[in-house]
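Below is one structure, written out as structure tokens; the observations come after it.
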Protein chains: 2
Amino acid sequence: MHCNKVSRILPGMKPTPDPQGSLATRLQAAVQGRGQRWTEQRQLIADVLAASDGHATGAELVERVRAADPSATPSTVYRTLDLLEELGFASHHHGVDGRETYHLEEVLAHGHLHCQGCGAEVELDAAAAKPILAAIERVTGYAADLDHLSLQGRCPSCRAAAAR
Amino acid sequence: MHCNKVSRILPGMKPTPDPQGSLATRLQAAVQGRGQRWTEQRQLIADVLAASDGHATGAELVERVRAADPSATPSTVYRTLDLLEELGFASHHHGVDGRETYHLEEVLAHGHLHCQGCGAEVELDAAAAKPILAAIERVTGYAADLDHLSLQGRCPSCRAAAAR
DNA sequence: AACCTTATTGCAATGCATTGCGATAGACTA
DNA sequence: TAGTCTATCGCAATGCATTGCAATAAGGTT
Ligand SMILES: [Mn+2]
Ligand SMILES: [Mn+2]
Ligand SMILES: [Zn+2]
Ligand SMILES: [Zn+2]
């Protein structure tokens, strides 16, 4: 079955924009460039992830994919997410519970910061993270992956509260 | 059944040392101080964790606990690990796969650094981490939890390899 | 030592994620 | 268009982790 030009629009989802090379087109090229195949399922999963702007866990993506195609299975979704990461089209970080949370690389790279006291969540954009990554590099020589960065600690107000 | 003074020694494990307040004794006091109860299972789980110097995942601890007491169940082990953390006697970080990895607070606080290229693992002791935590605090105001810190990135040699 | 209160346990059901395997179907060839 | 090769899929089994619930037992009281 052909699926190359299928632009699957899910209920309540925005159509994938097509600047001069849509995500699907670039993905198809990258996948086939490795001797792999472009399938309906991969198309759908990429569309769902694109429509989930922001973050989405594997389970959430499975649910949304299955809403559009009930015959799709978790294994296919997770394997496709791994593929998208390998190809550099997606990345993940680990939420508070350690579960992987995905987003497309089109989203600006950013890290996460979670307060263990009040649960506050902060996103660290590249500019904010720069000094942190620089410190890591200075101390260890490692180039830390900002998209994967997920810090836990105490926010200023929880610190103040703790200090009596 | 009494278990207060039971010092359960597992095959191949070192007896819990008893400086002037053994771990078990301090734990029992902390638990009972909250109106909770000191049980055989908690004793055993604490002993197993103490004997697992270094890191151990939940599943590993479950396995070791069940080796000593086959009637123990995963739910009890995980609930006890949560309790030990609440009481400040243990902490966890997330391994590469996001799974929680536990250690007793007696182990010196340290963070983790993992190379996504070659899989190298580095431990960051408090001194090494200091500038990193300082940068996080400067930028965000957060006091990051060193024990929970788990960074991913590229080690120097993988970076060099990537740069042609 | 027998008795109470209720925190804790084991169990069973549930959910998330991964893997091996046989069936299906991309994508290339003729 | 029909045919071939094999990457990918769905399935089913497995493992890790969490939760509600009824039975058990910790630990204080009489
Ligand atoms: Mn955590
Ligand atoms: Mn990860
Ligand atoms: Zn806070
Ligand atoms: Zn490396």
Side-chain angles (χ1 to χ4, degrees), chain A residues 1-6 24-25 27-46 55-66 68-87 92-102, chain B residues 1-6 24 27-46 55-66 68-87 92 94-102:
Chain A
M1 180 183 279
H2 264 292
C3 57
N4 295 11
K5 314 194 184 62
V6 175
T25 303
L27 255 173
Q28 178 174 356
V31 168
Q32 294 182 339
R34 304 207 319 178
Q36 296 181 282
R37 294 173 187 174
W38 189 239
T39 65
E40 275 201 333
Q41 291 85 345
R42 289 177 177 174
Q43 170 84 259
L44 172 58
I45 293 164
H55 313 115
T57 65
E60 286 166 351
L61 293 169
V62 167
E63 184 181 29
R64 292 174 199 166
V65 165
R66 302 199 68 166
D69 175 3
S71 70
T73 58
S75 47
T76 298
V77 174
Y78 287 106
R79 286 189 281 228
T80 298
L81 290 171
D82 288 345
L83 177 63
L84 295 184
E85 286 205 74
E86 278 179 43
L87 295 173
H92 77 266
H93 77 280
H94 298 266
V96 182
D97 55 4
R99 216 165 284 160
E100 290 181 341
T101 302
Y102 295 87
Chain B
M1 179 186 279
H2 265 290
C3 57
N4 295 12
K5 313 194 184 64
V6 175
L27 255 172
Q28 177 174 357
V31 167
Q32 294 184 337
R34 303 206 322 177
Q36 297 181 282
R37 294 170 187 176
W38 189 239
T39 66
E40 275 200 333
Q41 290 85 346
R42 289 176 176 173
Q43 170 84 259
L44 172 57
I45 292 163
H55 313 113
T57 65
E60 286 165 351
L61 293 169
V62 167
E63 185 181 28
R64 292 174 199 167
V65 165
R66 302 199 68 167
D69 175 3
S71 70
T73 59
S75 47
T76 298
V77 174
Y78 287 107
R79 286 189 283 229
T80 299
L81 289 171
D82 289 344
L83 176 63
L84 295 183
E85 286 205 75
E86 278 179 44
L87 295 174
H92 76 265
H94 297 267
V96 183
D97 55 4
R99 215 163 285 161
E100 290 181 341
T101 301
Y102 295 87

Next item on the list: Report the distance from atom CG of B/Leu44 to atom P of D/dA25, rounded to the nearest whole Å.
Entry: 16 Å
Margin query: Between C1' on D/dC9 and CD on A/Gln43, what's the gap in Å once rounded to a whole number?
Written below: 16 Å
Margin query: Can you tell me if A/Gln36 touches the phosphate of C/dG26, counting only side-chain N or O atoms and a distance under 4.0 Å to OP1 or OP2?
Written below: no
Next item on the list: Find the distance A/Leu87:CG to D/dT8:C1' and express it as a whole number of Å.
Entry: 15 Å
Notebook entry, point to check: OP1 or OP2 of D/dG10 less than 4.0 angstrom from a side-chain nitrogen or oxygen of A/Gln41, does that happen here?
Noted result: yes
Check: Mind checking whether A/Glu60 and A/His55 have side chains closer than 4.5 Å, heavy atoms only?
Finding: no
Checklist line | Any residue meeting side-chain contact (heavy atoms from CB on, under 4.5 Å) with B/Ala30, in chain and number order, not counting sequence neighbours | finding: B/Leu87, B/Phe89
Next item on the list: Would you indicate whether the side-chain heavy atoms of B/Thr39 and B/Thr80 approach each other to under 4.5 Å?
Entry: no
Next item on the list: Write down the distance between CD1 (B/Ile45) and C1' (D/dA17), rounded to a whole number of angstrom.
Entry: 14 Å
Margin query: The criterion is salt bridge (Lys or Arg N to Asp or Glu O under 4.0 Å); which residues satisfy it with B/Glu86, sequence neighbours excluded?
Written below: B/Arg34
Margin query: Apply side-chain contact (heavy atoms from CB on, under 4.5 Å) to residues B/Val62 and B/Tyr78 and explain how you reach the verdict.
Written below: CA-CA 8 Å; B/Val62 167; B/Tyr78 287 107; 3.8 Å; yes
Notebook entry, point to check: Under 4.5 Å between any side-chain heavy atoms of A/Leu81 and A/Glu100, yes or no?
Noted result: no
Notebook entry, point to check: What pairs with B/Arg99 under salt bridge (Lys or Arg N to Asp or Glu O under 4.0 Å), at least two apart in sequence or on another chain?
Noted result: B/Asp97
Next item on the list: Measure from CD on A/Glu40 to P on D/dT8 and round the result to the nearest Å.
Entry: 15 Å
Next item on the list: Rounded off to whole Å, could you give me the CZ-to-P distance for the B/Arg34 and D/dG27 pair?
Entry: 15 Å
Tabulate atom names and distances for all N/O pairs under 3.5 angstrom spanning the protein and nucleotides 18-22 of chain C.
unit_1	atom_1	unit_2	atom_2	d
C/dG20	O6	A/Arg79	NH1	3.4

Checklist line | From D/dG10, D/dG27, D/dA17, nucleotide with atom closest to B/Ala59 side chain | finding: D/dA17
Item checked: Within-4.5 Å side-chain heavy-atom neighbours: A/Val31 and A/Arg42 -> yes
Margin query: In whole Å, I'd like the distance from the CD atom of A/Glu86 to the P atom of D/dT8.
Written below: 10 Å
Produce the list of close N/O pairs, under 3.5 Å, pairing protein atoms with atoms of nucleotides 4-6 of chain D; give distances to one decimal.
unit_1	atom_1	unit_2	atom_2	d
D/dT6	O2	A/Arg37	NH1	3.0
D/dT6	O2	A/Arg37	NH2	3.2

Note to self: The criterion is salt bridge (Lys or Arg N to Asp or Glu O under 4.0 Å); which residues satisfy it with B/Glu85, sequence neighbours excluded?
What the structure shows: none
Notebook entry, point to check: In terms of the nearest nucleotide of DNA chain D, which residue is placed more toward the 5' end: A/Leu83 or A/Arg66?
Noted result: A/Leu83
Check: Please give, in whole Å, the distance from D/dA25 P to B/Asp69 CG?
Finding: 12 Å
Next item on the list: Establish, with yes or no, whether the OP1 or OP2 oxygen of D/dC9 is under 4.0 angstrom from a side-chain nitrogen or oxygen of A/Thr39.
Entry: yes
